[in-house]
Every structure is written in C-alpha cells, then in structure tokens.
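Structure, as structure tokens:
First listed ligand is number 1; within each ligand, the first listed atom is number 1. Atoms considered below: every heavy atom in the structure, side chains included; atoms not considered: hydrogens, waters and symmetry mates.
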Amino acid sequence: MIIVTGESKNYCLLKNSSLSCLLRINNDQPELLHFGRPVSETDASALTYPPAVGWGESTLYNAEDASSCLDVAPLAWSALGAGDYREGAIELSIDGRQISPDFKFTRFEIMDGVQKMNSTLPQAKGSCETLAVHMTRSLPETEGELELVLYFSLFETALTRRCELRNNSKRTVCVNKIMSSMLDLKGSFIMATFNGGWIAEAHREDIPVGMTAVVNTSTTGFSSNRHNPGYMLYRPGTCESSGEVYGFNLIYSGNHYASSQKSLQGLTRTMQGISPAGFAMPVASGECFETPEAVMTWSEKGFNGMSRMMHRFVNEHIIPRHWQNKKRPVVYNDWEGCMFSFDERKLLSLASKAKKLGCELFVLDDGWFGARNSERAGLGDYTVNRKKLPGGLEGLSAKIKAMDMQFGLWFEPECVNPDSDLYRAHPDWAIHGDSGTDYLGRNQLMLDLRKSEVRDYITENVSRIADSAKLDYIKWDMNRHSTLSGTEAHRYILGLYEVLQSIFGTRPGILLESCSSGGNRFDLGMLCFGAQAWASDNTDPVERLDIQQGLSYLYPQSAMGAHVSESPHSQTLRQPPLTTRENVSFFGDFGLELDLDHLVSVEEKEIKEAIKFYKKHRMTLQFGAFSRLEAYDGSIRWQVKNEKEAIIGLFHKLINAAPGYEWLRTEGFESETQYTVSSRPQGLRVKSFGGLVKHVAPVNINPNGLLIRRADMIYSMPDAQQSFECSGAALNAGIPLHQLYAGTGTGESIRTQGDFGSNIYVITKKEPASGANDN
Ligand code: DGJ
C-alpha cells in the first residue's frame, strides 16, 4: 500500500507486511524518515526529526528558515552545491562546466507494478507498487528544465530504487555521476562486503562505518569477483539469527559503486549505483538516462532473516519467469574432466556413464569449434570442429537425447582470439586499446558489443546453434576483465543485455548459466537472464564452503552452480573425501565435473546414491529457506528447510585431536511438533586408514599392497549413522551427535571423518507423514 498523508500531503508511506519506507518532502527535498520494519501512517509525525537550528558554519537551504540545513537532514536524495556537504548522489555538467544539480520536488505519482524501463537494462518483475517522486531543476529560462524521477517499488520482500534523468531542456547535459539509490539511516553500522578474485570469490569482509567512507566498487568493467555489488549494513552485535540487518544489491553487471559513511549527527548515508569513475554520459535534448535498479531489504532476524528476504526476492522477482521455483537439472559438465581434449566417442562414453549415475543434462564445455584446441585460438568462430565431432553438434545432440538426457553447450560469445577466422575477417570488431596497444587477457580480446554488427553476429550464431542443436542449456562464459571504463563500459553492458534479451527472451525454455572465469559476474543483472550462475572455477569443497557461504548472504542456493570434481583438486591439490565434495555441492545446483572413465566402482556406487539423495530432496535443497547455523566449534553448518523437511550440512575443516562434543542445533522448528532425524549413510574409503588397517585386520597387510588397493576400489566401510525422533524444541535446543573419531577405535557410534569430513542430516516432520517431495 502507498499512502500520501500529512496536512500538506507531504508525507508518503510505502508499506506491506514485512517492510515500510516513509518519506517526507521538506524544503522541497525528499527526506527518508524510515526504512525497515512496517510502521503506520499515524507514526509519520513521531518519526519526523524535530526542526534543528543552524549548525555552526553550515549553509541554509532557505535563508528564512534556520532549520533548513540540508547537511543534517535524513535525505533520500542529495547533491553537493545546496548545503549538504556529505557525498552527493548526482553530478551534472553542461559544456564541461559543472552545474549544481539542485532538483526540487514537484509531485508524487503512484502506480501499480513497475514502471518499465526504456533502455536494455534488466529490472525486477512481478507484483509491487511504485512511487515516483518527480523533481525538477530549471535551467536559465529559455533552456527549459531537467526532470529527475526517483522510483521506489515496494515488493513483498524488498524495496527497489532507481532514477531517470529526463532532459527537457535545449542543451545536452552530461551525467558525471548518478546513483540508483541514496538513503540516510539512523545510527551506527558495520558494512560487510564480499570480495576476492579468481578462484577466491565472495569472501566476507566487515568494516565498521565511521566518518571515513567505506567504499565497495568495481573497475574491471564488470560486477567482478573482486567486489560483488551486494553488501550488508548491520548493527554491532548482530549474529546469524538476531539483530538488525539491511541487505543491498544492484541489478547490474558493469562497474558498480557503493559507499557508506556516518555523519557527525549520527546518520549513516549509503548509496549505490554505476561507478562514477570515468563516467560522462551525454544526454541530448529530449533524451532520458536510466540508472540500473538498486535492491534493498531489511530484517531484525539477523543475517539469516535478511538472506531469506533476499533469496525470496531473487527467486520471485529476478530469475526469468520460466525458471521460477522450477527444479534445476543434475548436470554433467566435461570441462574439468576433458578440457580441450575429447572426441565424440569420449563424450558419448561420458554421457552414458553420467546417465547411469543419474545426471539429467550433459554439457559440452569449451573446445568444440574452430581451432579451439587450447586457449590460444579459435574463439569467435562458430564452425564445429568435425575432427572431434564428425556428426556435428546436431549429431551429438541427437545421440545424447536418445540416451534420455538433455543437451547443453558452452559459448564465450563476447571475446575473440587474434588467431581466429573472425578476427582475420573483422579485426575492427575487437576492442583495441586507444593508445595502439592491445591488452590481451587469456589470449583474447573483447568483441565490441557497442557495435550493432557485432551484436547481430553473436545473436545470429548463438540462436542458430541453439535451434539447430536443440539446446536445453547454454553456459555463457566471459574469461577476462574489460579495458573499457566509465561511460564506455556502461555502453558495453547495455549492448550485452540487448544480445541476451534477443537470444533468451524468445527462448525462455533454455536454461542459461552465466559464468565469467567462475564467479566474476555473479550478479542480479545476469540472473535476470539466466536462472543460475557458475559460482567459482574453484571446485575444491573446502574452498567452496567459504565461496558458497559468502554468496549465500545475498543469493539463493538455486542460483549457484556447484559441481563435484576430481581430487586432488586442480586449484589446490587438496584431497577432500568424495562425500564432502557431494555434501557441499548439494547446497547449490548439483553437478558432476570429473572424468567418469576414471571412477572406481566404489565411487560410482557412492555418486549414484548421492544423486538419488539430491533428487529426492531437490526442492528443499534448491529452494528451501536457507540458514547458516552457528556452531561454536569451528564447523560450518547450513540448513535448508521447507514445510515438510529440512536438510542440515555439517562441515569440518581441520580436525583437532581429542575433539569435543558436537550438537545438532537447528533454527526455526516448531517446538510442539515431532520430527524424525536421520544422518545420510556415508562410506569410509579403506585407503584413508593407511597403515592403521593392519591393527584391525586378522593378518598383517601391506597398506600399499595390491590387496588394500583392490579392496579400496570396491568396498567402503560404513561410517556411524544416527537416527532418532524428537520434538522441535529439543532440536532447537541442540541434540548431542555421535562422537568424532579420537584415535581410540572406531565403532557404530563414532563418526570417523578426519580433516574435511562432513555429515548430512535429514529432518522430517512426523505428522502428517511425509516422504520424498520430489524426484
Ligand atoms: C572458465 C569457466 O569458468 C570454466 O568452467 C570453463 O568453462 C572454462 N572457462 C572454459 O574455457
């Protein structure tokens, strides 16, 4: 509901059952009196800041009114040049001279649903109400005026904001900075951001926000693996299950910027939008500039409460409609197993094994076209390599589909190797350095998606192959940072969105997974086109614990590709057990990415069981309400839960000798209800005991001998399994788990795991009886 209230109709309240936002127009400026818990319109005057007198050396917005000092007001929008000396949200110039962007309120406009954008920028969809706050700034009389429209859309789970600059003047105006959103929140916060780099994405970093600004920005041309656009502001003392948290994100894949800074008066200003670095966008007379849409939500139920709001928002308003709440297939991807070296025989052998293990979608990754036998050549070409695939993609696709599997394909459409037919024919389609130097990344240049002929080339080729090879899935990769910056980087992103819309807008059934050297473009912009994104090229599950946990703050499990790969892992040489590789991948879009021809039979059996388990609980794992449980013992614990059941993953990193008790402590179970709890049966590889086997075997056995090696291939020892029944109250209080192995023997009630061990617990509501909820 949106209510305009107050004697002078200068208040506006946006409100639903979980959130509200209260604005007041004062001194012709929009003040943000409140954002967060739902308040009512009768609270409007109580939430209004009492008029203050002038503050020392500050300037007044209205000379007649001593309390019109913008510098101390809680504002929803502001700019330098009119008395607010905090960071401003907009900077404009005309003919190279800055103009003061002092816009004044003119009117409120209320609409049902979203106001559709005119540019190619993606935006949130679905049920909401929108408030448009119109403001103008007149230019010297004959030159007309500029209009700024601030849009506030209230969805059940989040508030989105964006703005539009309409040039109703006769002059061209240059936008040097324009944020999507700005707000002043009450009091002190800590800002948490998600940072890293290639194979080290989304590591959480927390910085208290003081009077020095904390900035989260990307300059790589994309949303980047260095600084994800999403961030949180939370009150000191907040934990996973309690405390006040604001979550922020941006529906944009280019250079982003967010800052938070506290004023002397105790207001924390936070803003987010396109990075202003190098930005100078001319907006001609009669034209309009639209910012990307910013997303913000709030919860007082800690980080978990905020995450659940964001997850619902992403699942219901960002993901393409066709894929909303739709189960994602179990993938087999050939990349880590084969890289560039495969032929049709190898692929069909992998596909038939993948099918037997339970995979539903076979994905052929890089290396299927042109001279693409290494990273050095062929990128940009779309001719199928007939040496590898004599029957072409159509032939391979038909054979895979005949096995009753779906077929998917990798593309990297935005780049070109100089050693490619495309580059030889159209060197001008690549982006060259202005200075005459070409900056190569992974031996490739970027194609210039600002050019319509390049966009057409990509759209035609990808669409043609998608149709002829009857693709069910596309992995859209992009393996380098950009050399474009500022306005040009933004134009590139607009071009990219146009291409994605042309290809996938008319093919909603194709599951698009975006990827960029792993998680280099894991953002809400890409998720508007593709229902999932590859989280990281790092498939070591121990590393994935941090990466997937970092992403989990702002993105749902259903958005994260998570595959079981070979151990030792190519990124770390670490050797975690297969069980842990499976258990971590369960909390995302599960897949396999290893050479199945090298699996031994005990591994095949285990993977088959794992996929069966995943399919049985898939809707809970992909779409259940997610919580990071606090463990107090160094383990990482994830819980997913729906009405009928919950799954908990308990993951260890390094194990200590003489380990203490561990408890299974859940979040959010109904106290009075009875539940059954059961750990997923797991096996222990014989070889993981090394020389210790000789102490339990009746004969003296060589741990490196043939017997042990044979036994290890076909047999695994069952690890302790635990099952019990109890009330939700007991679960929330904490149930003691079977003891961890402490060097004094194994047994039915000893969890024998070692470093990087893990367990999965399935909790099922007893009444009414329930079983599998999906296959
Ligand atoms: C980088 C991706 O992240 C990998 O999964 C794989 O697709 C390679 N590119 C292929 O070149």
request  = Heavy-atom contacts with C515 under 4.0 Å: which atoms of ligand 1 show up? List them by number with element.
outcome  = 2 (C), 3 (O)
query = Any side-chain donor paired with an acceptor under 3.5 Å for D477 and N479?
reply = yes
ask   = Would a line drawn from the ring center of F590 to the ring center of Y614 be shorter than 6.0 Å?
value = yes
query = Can an N or O of F340 be found at a distance shorter than 3.5 Å from an N or O of ligand 1?
reply = no
inquiry  = Below 3.5 Å, N or O to N or O, backbone or side chain included: is there any such pair between W410 and ligand 1?
reply    = yes
Within-shell test, K475 vs ligand 1, heavy atom, strictly < 4.0 Å = yes
task = For ligand 1, note which part of R442 has a heavy atom under 4.0 Å away: side chain, backbone, both or neither.
result = side chain
task = Look at atom 7 (O) of ligand 1 and say which protein heavy atom is nearest, naming residue and atom and giving the distance to 0.1 Å.
result = D365 OD1, 2.7 Å
task = Please could you name the atoms of ligand 1 that G518 approaches to less than 4.0 Å, counting only its heavy atoms?
result = 3 (O)
inquiry  = Checking a contact table here: which protein heavy atom is nearest atom 11 (O) of ligand 1, and how many Å away?
reply    = D366 OD2, 2.7 Å
For atom 3 (O) of ligand 1, closest protein heavy-atom neighbour = D537 OD1, 2.3 Å
task = Please say which of F342, F340, F411, W410 ends up in a ring-ring contact (aromatic ring centres under 6.0 Å, His included) with W368.
result = F411
Proximity flag H563 to ligand 1, non-hydrogen atoms under 4.0 Å = no
ask   = Taking N or O atoms only and a 3.5 Å limit, does W335 qualify as a polar contact for ligand 1?
value = no
key: Reported CG-to-CD distance for the pair D404 and Q406, which is rounded to 0.5 angstrom   = 9.0 Å
message = Please tell me whether H490 and Y252 form a close aromatic pair, meaning their ring centres lie under 6.0 Å apart.
response = yes
key: Protein residue, atom and distance nearest to atom 9 (N) of ligand 1, heavy-atom basis   = D477 OD2, 2.7 Å
ask   = Does NZ or CZ of R637 come closer than 6.0 Å to the centre of the six-membered ring of F651, within 45° of the ring's axis?
value = no
remark   = Near N479 (heavy-atom distance under 4.0 Å), the atoms of ligand 1 are 1 (C), 9 (N)
task = Would you please say whether a donor-acceptor pair under 3.5 Å links the side chains of N249 and Y231?
result = no
ask   = Only one of I647, V640, L621 forms a side chain to side chain contact (heavy atoms under 4.5 Å, CB included) with F586, so which one is it?
value = L621
Numbered atoms of ligand 1 (with element) below 4.0 Å of W534, judged on heavy atoms = 3 (O), 5 (O)
inquiry  = With heavy-atom distances below 4.5 Å as the criterion, would you say the side chains of Q557 and Q548 are in contact?
reply    = no
